[in-house]
Undergrad: 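Sharing a structure with you now.
Keep in mind that the numbers below use all heavy atoms, side chains included, and drop hydrogens, waters and symmetry copies.
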Amino acid sequence: MFKILFSLFFIFGSASSYAATPACTINANGEVTNDINALDAGDMKGCYVTPDAVYIPVYRVGLCSSVPTYENYLTECTFVFNSATAKEVEVVKNQAFNVADNITLTEGSYPASVLLLGTTIGYKHTVNFTLPQDGWSDAAVLTEGKTCVSRTVSGNADDIGVSAGGGFYECGASSLTAGKFTENEGAYWDNSECVISSGVVSRQSLGAGSSGLLEYDTSSGSAVICGMLNESTHETGGDGNGGTDATRQLLIQTFTDPITISAATSSLEIGLKVTDMLGLEKHLDDGSNGYYNAFLDGVELKITALSN
């Protein structure tokens with residue numbers, strides 16, 4: 001039978017097991033004690049923190065009667081949120097907001113969920129260090145200080161370096177105010193693509209630069225993220241230059257314990273989990289002395305069916 005649910009809420013989620021390197025060490029004053037400047041050059045070799053706010057463009061949120069693939073998720077899942085244009089969801093600590101009312105679901109067990117996102121995921125963040133860090137100002141010059149804030153710019157991993165105008169963080173005095181940084185290519189592109197084998201989606205490397213971070217364990221099961229050219233067409237091979245032509249990103253999440261919808265269910269609570277998923281990085285590109293950067297490296301849905 002069908003069950004009319006009262007509402008759907010997005011909330012800031014709790015910790016996930018996703019992080020590829022340890023969470024940053026934070027002292028009693030709220031300062032990161034890890035010495036990012038002492039790290040080797042190259043890709044992220046730092047630690048993870050929780051962003052102050054995350055901005056996620058959401059097209060669809062669905063519960064699935066079986067574990068779907070990128071080919072059949074539109075028919076295997078019931079969508080509790082569906083929008084032709086992306087709705088930007090601002091996920092902030094200790095806040096929740098109503099997304100939809102009068103949601104209809106069939107009573108039963110749902111072993112998986114899907115989240116169809118846009119590619120322009122953004123965040124705001126301020127981080128305080130015990131040691132001074134190098135950053136970039138809007139004038140594309142190096143700055144230094146113990147407080148680093150995200151800048152109001154857009155970019156991706158190809159835009160870090162002196163020739164590309166620097167990084168996405170400014171460091172300086174504690175009075176700095178964080179701006180909104182937005183990915184402009186796809187927050188989860190890493191030179192790999194999704195494939196289907198025996199009805200199961202996984203990712204395969206396309207060569208150098210593949211991190212393996214787009215297929216990961218969560219606190220409630222496992223997840224894989226696939227690039228989509230549109231909501232129904234999977235992206236294969238990227239754009240041929242190590243980048244992506246995807247306009248959507250599909251998160252397929254499998255639950256160890258399926259979500260159960262019963263006659264007593266009154267609402268769904270969906271947590272967008274980004275705890276310890278903002279990776280602090282150091283770069284030594286273009287002969288600079290090294291500067292601080294950060295990228296959001298994952299997301300997880302935590303879905304709870306609530307009863308009266």
Side-chain angles (χ1 to χ4, degrees), residues 13 16-20 43-44 48 51 54-64 67-74 76-77 79 81 86 89 91 111-123 156-157 182-197 199-207 209-239 242-255 270-279 295-303:
S16 168
S17 58
Y18 168 76
D43 291 332
M44 179 178 55
Y48 282 90
V54 180
Y55 302 87
I56 300 181
V58 179
Y59 286 93
R60 290 177 180 261
V61 179
L63 285 175
C64 310
V67 179
T69 70
Y70 49 80
E71 292 181 339
N72 66 10
Y73 81 97
L74 290 173
E76 292 298 313
C77 304
F79 294 98
F81 179 81
V89 176
V91 188
S113 68
V114 292
L115 175 64
L116 186 64
L117 309 172
T119 57
T120 54
I121 293 176
Y123 67 85
N156 57 71
T182 305
E183 280 272 358
N184 63 7
E185 183 174 270
Y188 304 113
W189 175 254
D190 74 338
N191 205 27
S192 63
E193 68 182 19
C194 286
V195 295
I196 301 172
S197 177
V200 178
V201 178
S202 62
R203 293 193 67 96
Q204 70 176 8
S205 171
L206 295 175
S210 175
S211 67
L213 296 181
L214 304 188
E215 187 174 4
Y216 50 93
D217 292 332
T218 68
S219 61
S220 58
S222 61
V224 61
I225 298 175
C226 302
M228 305 291 288
L229 293 177
N230 51 54
E231 70 171 17
S232 60
T233 305
H234 174 232
E235 180 197 31
T236 58
D239 64 3
T244 175
D245 289 324
T247 65
R248 311 276 196 282
Q249 299 173 101
L250 178 66
L251 170 69
I252 302 173
Q253 191 167 320
T254 304
F255 302 119
I270 296 185
L272 289 167
K273 303 177 69 172
V274 292
T275 303
D276 291 338
M277 290 184 178
L278 185 64
F295 286 95
L296 188 68
D297 285 327
V299 68
E300 176 188 345
L301 284 181
K302 179 177 175 59
I303 301 179

Undergrad: How many angstroms lie between atom CG of Asn72 and atom CD1 of Ile196, to the nearest 0.5 angstrom?
TA: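 Atom-to-atom, Asn72:CG and Ile196:CD1 are 7.0 Å apart.
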
Undergrad: Report the residues that fulfil side chain to side chain contact (heavy atoms under 4.5 Å, CB included) with Pro57, sequence neighbours left out, ordered by chain and then residue number.
TA: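 Testing Pro57 for side chain to side chain contact (heavy atoms under 4.5 Å, CB included), a comparison that skips the adjacent residues, returns Ala86, Thr120, Ile121.
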
Undergrad: Under the criterion side chain to side chain contact (heavy atoms under 4.5 Å, CB included), I'd like the reasoning laid out for Leu74 against Arg60: C-alpha separation, chi angles, the key distance, then a yes or no.
TA: CA-CA 10 Å; Leu74 290 173; Arg60 290 177 180 261; 3.7 Å; yes

Undergrad: Which residues pass the side chain to side chain contact (heavy atoms under 4.5 Å, CB included) test with Val114, sequence neighbours left out?
TA: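 In terms of side chain to side chain contact (heavy atoms under 4.5 Å, CB included), with neighbours along the sequence ignored, Val114 is linked to Cys64, Pro68, Tyr73, Cys77, Phe79, Leu250, Ile252.
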
Undergrad: Residues two or more places apart in sequence or in another chain: which of them pass side chain to side chain contact (heavy atoms under 4.5 Å, CB included) with Thr247?
TA: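 So Thr247 forms no side chain to side chain contact (heavy atoms under 4.5 Å, CB included) with any residue.
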
Undergrad: Are the side chains of Thr182 and Tyr55 in touch, meaning some heavy atoms are under 4.5 Å apart?
TA: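 No, too far: nothing below the 4.5 Å cut-off.
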
Undergrad: Quick one: side-chain hydrogen bond (donor to acceptor under 3.5 Å, both in side chains) partners of Ser222, sequence neighbours excluded?
TA: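 Residues passing side-chain hydrogen bond (donor to acceptor under 3.5 Å, both in side chains) with Ser222: none at all.
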
Undergrad: To the closest 0.5 Å, what do you measure between CD (Gln253) and CG (Leu115)?
TA: 8.5 Å

Undergrad: In the structure I gave you, are the side-chain heavy atoms of Tyr59 and Arg248 within less than 4.5 Å of one another anywhere?
TA: yes

Undergrad: Run the side-chain hydrogen bond (donor to acceptor under 3.5 Å, both in side chains) test against Ser202 and tell me which residues pass, sequence neighbours left out.
TA: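 For Ser202, no residue satisfies side-chain hydrogen bond (donor to acceptor under 3.5 Å, both in side chains) once neighbours in sequence are set aside.
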
Undergrad: Please give me the minimum heavy-atom distance between Gly227 and His234, naming the atom from each residue.
TA: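 Of all heavy-atom pairs spanning Gly227 and His234, the closest is O-CD2, 3.2 Å.
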
Undergrad: Do Gln249 side-chain atoms and Gly118 backbone N/O form a donor-acceptor pair below 3.5 Å?
TA: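 Indeed, once roles are kept as given, a pair shorter than 3.5 Å links the two residues.
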
Undergrad: Working to the nearest 0.5 Å, report the span between SG of Cys194 and CD of Glu235.
TA: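 Separation between the atoms: 10.0 Å.
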
Undergrad: How would you list, by chain and number, every residue that makes a salt bridge (Lys or Arg N to Asp or Glu O under 4.0 Å) with Glu71, sequence neighbours excluded?
TA: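 Here no residue qualifies.
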
Undergrad: So do Val58 and Leu117 actually touch side chain to side chain, heavy atoms under 4.5 Å?
TA: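 Leu117 vs Val58: side chains touch.
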
